[in-house]
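First up is the structure itself, then whatever we jot down about it.
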Amino acid sequence: MTEAVPQIHITQGEHATGRGRDLVITTLLGSCVSCCLWDETAQVGGMNHMLLVGAQSHASKETLASIHEIEILINDLIKLGGQRERLQAKIFGGARMIAGLSEIGEKNARFTERYLAKEGIPVITKSLLGDQARSVRFWPGTGRALVRLTNTKVKEVQVDFSKIPESGLELF
């Protein structure tokens, strides 16, 4: 009888950290982005699952929330014995899952790249953008990642604005 490999599955807004060669953190990404960080020397790592919403002005609430999500991940790694200056990153996601709607996937990807560059955390590999969802498996103790593109393609959405009733309500 073989022992089950310990797995942690995360969804939007969550993160997980850990150590050990066998632990696996998993997620499924569409327009969201996962930032996988690890310290090879301390053999600790973690992954988050982020989605920015709305406009991303320099100091918007959404941008600050995403910075907070990455910083929480970094702080949890430091608590496990990692050192910020040794962290390395792998980033995934940011697909455009629905044609004709916002470019939120690209915004998520670009934000993550800019933030890591600003913080001096090297991005070792990335799989960003496109039109397919990604299944991600990350081994935090080694930094190994396995990414599989799904067969799910972008959905075309056609909105017929002439069929939307006038409500007399103006939204700002």
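Everything numeric in this text was worked out from a predicted model, so none of it was measured.
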Ser31 side chain to Arg96 side chain, donor-acceptor N/O pair below 3.5 angstrom: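 No, Arg96 and Ser31 have no side-chain donor paired with an acceptor closer than 3.5 Å.
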Exercise: identify the closest heavy-atom pair between [X] and [Y]:
X	Y	answer
Leu129	Ala109	CD2-CB, 4.0 Å
Cys35	Leu73	O-CD2, 3.6 Å
Leu29	Ser34	CD2-OG, 3.4 Å
Arg19	Ala42	NH1-O, 4.1 Å
Pro140	Ile25	CG-CD1, 4.0 Å
Asp39	Gly81	OD2-O, 4.4 Å

Please check: side-chain N/O of Gln43 versus main-chain N/O of Glu40, any donor-acceptor pairing under 3.5 Å?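 Judged by distance alone, no pair lies under 3.5 Å.
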So, Thr27 side chain and Ile10 main chain: donor-acceptor pair closer than 3.5 Å or not?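 The answer is yes, because a donor-acceptor pair under 3.5 Å joins these two groups.
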Taking C-beta and beyond as the side chain, do [X] and [Y] meet within less than 4.5 Å on heavy atoms?
X	Y	value
Thr112	Met50	yes
Pro6	Asp22	yes
Val136	Leu28	no
Arg84	Glu119	yes
Arg137	Gln7	yes
Arg110	Arg114	yes
Ile91	Cys36	no
Leu23	Ile8	yes

Hydrophobic cluster membership, [X] vs [Y], 4.5 Å side-chain cutoff:
X	Y	value
Met47	Ile124	yes
Tyr115	Leu87	yes
Ile70	Ile104	yes
Ile121	Phe111	yes
Val123	Val33	no

Could you check Trp38 against Lys90 for side chain to side chain contact (heavy atoms under 4.5 Å, CB included), going step by step and ending with a plain yes or no? CA-CA 9 Å; Trp38 83 102; Lys90 294 183 179 185; 3.5 Å; yes
Rounded at 0.5 Å granularity, tell me how far [atom1] in [X] sits from [atom2] in [Y].
X	Y	atom1	atom2	result
Asn108	His49	CG	NE2	9.0 Å
Leu37	His15	CG	NE2	10.5 Å
Lys126	Leu116	NZ	CG	10.0 Å

How far apart are the C-alpha atoms of Val44 and Thr17, what are their side-chain angles, what is the distance that settles it, and do they pass the side chain to side chain contact (heavy atoms under 4.5 Å, CB included) test? CA-CA 7 Å; Val44 298; Thr17 58; over 6 Å; no
Taking it one step at a time, do Asn48 and Ile72 satisfy side chain to side chain contact (heavy atoms under 4.5 Å, CB included)? CA-CA 9 Å; Asn48 64 12; Ile72 286 175; over 6 Å; no
Could you go through Ile78 and Gln83, starting from their C-alpha distance and side-chain angles, then the distance that decides it, and tell me whether this counts as side chain to side chain contact (heavy atoms under 4.5 Å, CB included)? CA-CA 6 Å; Ile78 291 169; Gln83 292 186 14; over 6 Å; no
Please say whether more than 12 non-hydrogen atoms of neighbouring residues, nucleotides or ligands are located less than 6.0 Å from CZ in Arg148.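 Count not over threshold, so no.
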side-chain hydrogen bond (donor to acceptor under 3.5 Å, both in side chains) between Thr150 and Arg134, intermediate numbers included: CA-CA 6 Å; Thr150 70; Arg134 290 167 173 85; over 6 Å; no
